[in-house]
J.: 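Dropping a structure here in structure tokens format, bear with me for questions.
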There are 4 protein chains.
Amino acid sequence: MKRSLQHNAAVSVGEKPRPGRPRSAECHDAILTAALELVEEVGFAALTIEGIAARAGCGKTTIYRRWPNKASVVMDAFLASTAPEISFRDTGSTRENFRRQLRAVVKVLAGPPGRIIATVIGGGQLDPELGEAYRTRWQAGRRVESRQTLQQGISRGELRKDTNVDLVLDALYGPLYYRLLVKHAPLTPSYADALVDLVFPGLEV
Amino acid sequence: MKRSLQHNAAVSVGEKPRPGRPRSAECHDAILTAALELVEEVGFAALTIEGIAARAGCGKTTIYRRWPNKASVVMDAFLASTAPEISFRDTGSTRENFRRQLRAVVKVLAGPPGRIIATVIGGGQLDPELGEAYRTRWQAGRRVESRQTLQQGISRGELRKDTNVDLVLDALYGPLYYRLLVKHAPLTPSYADALVDLVFPGLEV
Amino acid sequence: MKRSLQHNAAVSVGEKPRPGRPRSAECHDAILTAALELVEEVGFAALTIEGIAARAGCGKTTIYRRWPNKASVVMDAFLASTAPEISFRDTGSTRENFRRQLRAVVKVLAGPPGRIIATVIGGGQLDPELGEAYRTRWQAGRRVESRQTLQQGISRGELRKDTNVDLVLDALYGPLYYRLLVKHAPLTPSYADALVDLVFPGLEV
Amino acid sequence: MKRSLQHNAAVSVGEKPRPGRPRSAECHDAILTAALELVEEVGFAALTIEGIAARAGCGKTTIYRRWPNKASVVMDAFLASTAPEISFRDTGSTRENFRRQLRAVVKVLAGPPGRIIATVIGGGQLDPELGEAYRTRWQAGRRVESRQTLQQGISRGELRKDTNVDLVLDALYGPLYYRLLVKHAPLTPSYADALVDLVFPGLEV
DNA sequence: GTATAAACGAGACGGTACGTCAGGTCTTTCT
DNA sequence: AGAAAGACCTGACGTACCGTCTCGTTTATAC
């Protein structure tokens, strides 16, 4: 059951061929694609293993053999689809770097991937495993880059040495996810700008 | 179906008595209590209407007659239990007012009500009605008071006249909900303090 | 509960007026009419008290106050509608008397009342009370007349003195009901004729 | 849905093995046995699919997968239990052949199988499919043998050449079913004898 | 007249069973 | 030996009626 955090089914390179019929890669992809489509169409709660199997044209058993629960399937499907994305580019100014990246994040969150992320975070409130999977397999990776960019700003002397990094990251990204999840107001690029301009003055030396 | 935003079963004051046997208030309370207990014990996903009915000692029909889905039951249960709570008191300093209120909010979110709020927001990603119910019946009310306090600070000359109120509220509360929902770090009173001290310097004249 | 064999709700003549609002005759009729219509439309099994109440425009309680179960309602409804019907007329010949009456019976059984009788007998296999009601309140009455006609034939010297009356009545009517209920062949006037001509030769002196 | 007239679940001989887990024969038998027991204990009306499933130790779905309604289950249960039964033996005299067979039929109808037959015919008044199933899967088979025996009597010169076969069969069996269903008098062997002696005089040359 | 008494409609109540759906497991044949 | 199919038991779903029970409202007789 603890294998749920890894691509447990991928036919890794250099894998020694085990006896028996090898697992079908077409099948694997079909399942992930079906899962992704369905989670967008009906949401995580209404998503069923049977539905995924039916759309993927495979048996339920084939899914259960590879993933322990539907959360893992969805998480794998999400990662397989959204892996290549929003990263930082150095403009020379840390504030400007964040402004650009936050605008990119807003763009993603306001689109279809945003709905999936919201679905996954929402499902994570009900299914602890999904929450854990989201944190470690998606959130943590993004956070590393943001932290590095912030730390770079500190070491370059742009930002105060006593900057509470985790707090600042929360102050920047928290409001975005807040609007994504509560939907009390829209997510716009100018909202990203305003946020950066609210938080950074207190950080810059 | 559009009645889900109101206490649809309560025998409101001054209500002209409709024909037929009136709905039982004991029953109403028993259901909400049972729902609240169960959602804490087993979580929203494992919560069943049958389970609520069994614990409340009433028939399933009685629940279905009053609420369209389990999300609404939980929402009503939550409101009935957590209504009288976190409010502002004027200490003379707007920053101090917010520091105290955010600490109170953290206390609530870190406790059992926090789990239910997270559950409701999570469920709101799948069930639009629940999301809407959360926004209008809970979130909006809290927001009004916060906005007034902030505006008071502006009119008292403590805060800049060009303060973007909605943005500031998001910057203060967003990070709290971010941690509540993503759970990448704990919610502590000192986090509330740090947040206030990060955001306010840029606002004060 | 044992009152189900009598018209328990009719405002009988000479009834001493009890205090309180008297039972409504319109209501009574509306219920019986609704029951009759519904039993023809959907059958006895799918018939519901709620359905009758809804169509009759009265409350369920009003029905339960008067009849102990749906079988009684249907039986009353049937009797109220089909009371005036098939009787014997003396032609001088007993065989002819029966031929005419059996033709009349076939006519009734082949029409809508036949469907209701079939429904009632069918329901009687599942609901003993309905069966008992059918026997005593309908069947027995018809039987008396047939028996008298047969006995008249005996005393007039047309039929053998050792005629087994009950057997002959069964031999005459049994096949009609057999076809009514099993439906393996149609009920036609000529079938009645043939039946009479099969049974009577052995009876006549 | 048109499969209800056949043993739709039986693993027929010579059936090419389809993929997937085959239907369990133990399960099949357990359901039919449970259905038969229950219909005798509580009657058809109080019979529930849930009750059958509980006693058979299987899930409701397993029953619904094989039969469309409880009538079909009972019909199959009845056929499986009463298949090997009442048949004719040639004594040399057609009248005697029928006397013996009618006595056997009376014996069956007066016992537990009789209650089930009555239940099935009764149910057939409400559910056309059940009526059709009864006619084709039970009644028709019995009728063939009776017709052959009657025709044998004709060709042997015992009975008149112009005998109306269908009418005679109705005259012999109709009264039995009449008493079975209306229950106005008991079914006894001597009743069978008397019936034969009433009908045959008119047939014999 | 004004109690008092009962029937009325409406509809909520605790239940039972419905027929469906999906869960996760299993058993079988096919590749 | 894995894939695909499909049957298995389980358990919850949301619905329909059951028969009972309040309600507030008539509509009678009795005081």
Side-chain angles (χ1 to χ4, degrees), chain A residues 18-24 26-27 46-54 56-66 68-70, chain B residues 9 16-24 26-28 46-54 56-66 68-70, chain C residues 9 16-24 26-28 46-54 56-66 68-70, chain D residues 9 16-24 26-28 46-54 56-66 68-70:
Chain A
R18 287 187 292 147
R21 176 171 168 175
R23 291 185 172 175
S24 149
E26 289 82 1
C27 184
L47 185 69
T48 66
I49 297 285
E50 291 202 338
I52 297 173
C58 72
K60 281 197 291 181
T61 339
T62 304
I63 298 178
Y64 281 115
R65 194 175 297 119
R66 299 172 185 218
N69 50 57
K70 73 175 180 180
Chain B
K16 68 175 65 169
R18 288 186 298 139
R21 177 173 173 175
R23 293 186 172 175
S24 152
E26 290 83 2
C27 188
H28 191 89
L47 185 69
T48 66
I49 297 284
E50 292 202 339
I52 297 173
C58 73
K60 279 197 292 180
T61 346
T62 303
I63 299 179
Y64 283 114
R65 193 177 296 120
R66 298 172 184 221
N69 50 57
K70 73 175 180 178
Chain C
K16 71 174 65 168
R18 290 183 294 142
R21 176 174 174 175
R23 291 186 174 174
S24 152
E26 290 83 0
C27 187
H28 191 89
L47 185 69
T48 66
I49 297 285
E50 292 204 337
I52 297 173
C58 72
K60 281 197 292 179
T61 341
T62 304
I63 298 178
Y64 282 113
R65 194 177 296 120
R66 299 171 185 220
N69 49 57
K70 73 175 179 179
Chain D
K16 69 175 66 172
R18 288 185 296 139
R21 178 172 173 174
R23 291 188 172 173
S24 152
E26 289 83 1
C27 190
H28 192 88
L47 185 70
T48 65
I49 297 283
E50 291 203 337
I52 298 173
C58 73
K60 280 197 291 181
T61 3
T62 303
I63 298 178
Y64 282 113
R65 193 177 297 120
R66 299 172 184 221
N69 50 59
K70 73 177 178 177

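Lettering follows sequence order; numbering is per chain, from 1.
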J.: Between D:Ile63 and D:Ile49, what is the shortest heavy-atom contact and its length?
T.: CD1-O, 4.0 Å
J.: Tell me every residue that passes side-chain hydrogen bond (donor to acceptor under 3.5 Å, both in side chains) with C:Lys60, counting only those two or more places apart in sequence or in another chain.
T.: C:Glu50
J.: Would you kindly give the OH-to-P distance between A:Tyr64 and F:dA3, to the nearest whole Å?
T.: 16 Å
J.: Can you tell me how far P of E:dG19 sits from CD1 of D:Ile52, to the nearest Å?
T.: 11 Å
J.: What is the separation between atom NE2 on D:His28 and atom C1' on F:dA7, rounded to the nearest whole Å?
T.: 14 Å
J.: Without decimals, in angstroms, what is the distance between A:Ile49 CD1 and E:dC21 P?
T.: 18 Å
J.: Using heavy atoms to find the nearest nucleotide of DNA chain E for D:Glu50 and A:Glu50 separately, return the residue whose nucleotide is more 5′.
T.: D:Glu50
J.: Only counting residues at least two apart or in another chain, list the ones meeting side-chain hydrogen bond (donor to acceptor under 3.5 Å, both in side chains) with D:Thr48.
T.: none
J.: Going 5' to 3' through nucleotides 7-12 of chain E, assign each nucleotide B (protein heavy atom under 4.0 Å from a base atom), S (under 4.0 Å only from sugar-phosphate atoms) or - (no protein heavy atom that close).
T.: BBBBBB
J.: Is the closest side-chain donor-acceptor distance between C:His28 and C:Arg66 under 3.5 Å?
T.: yes
J.: In this structure, how many angstroms lie between the C1' atom of E:dC18 and the CG atom of D:Asn69, rounded?
T.: 13 Å
J.: Just how far, in rounded Å, is P of E:dC21 from CG of A:Leu47?
T.: 17 Å
J.: What is the distance from CD1 of D:Ile63 to P of F:dA7, rounded to the nearest Å?
T.: 15 Å
J.: Please report the shortest heavy-atom distance between C:Leu47 and C:Lys70, naming the atom on each side.
T.: O-NZ, 3.1 Å
J.: What closest approach, in Å, do D:Cys58 and D:Cys27 show between heavy atoms, and which atom pair accounts for it?
T.: CB-SG, 4.0 Å
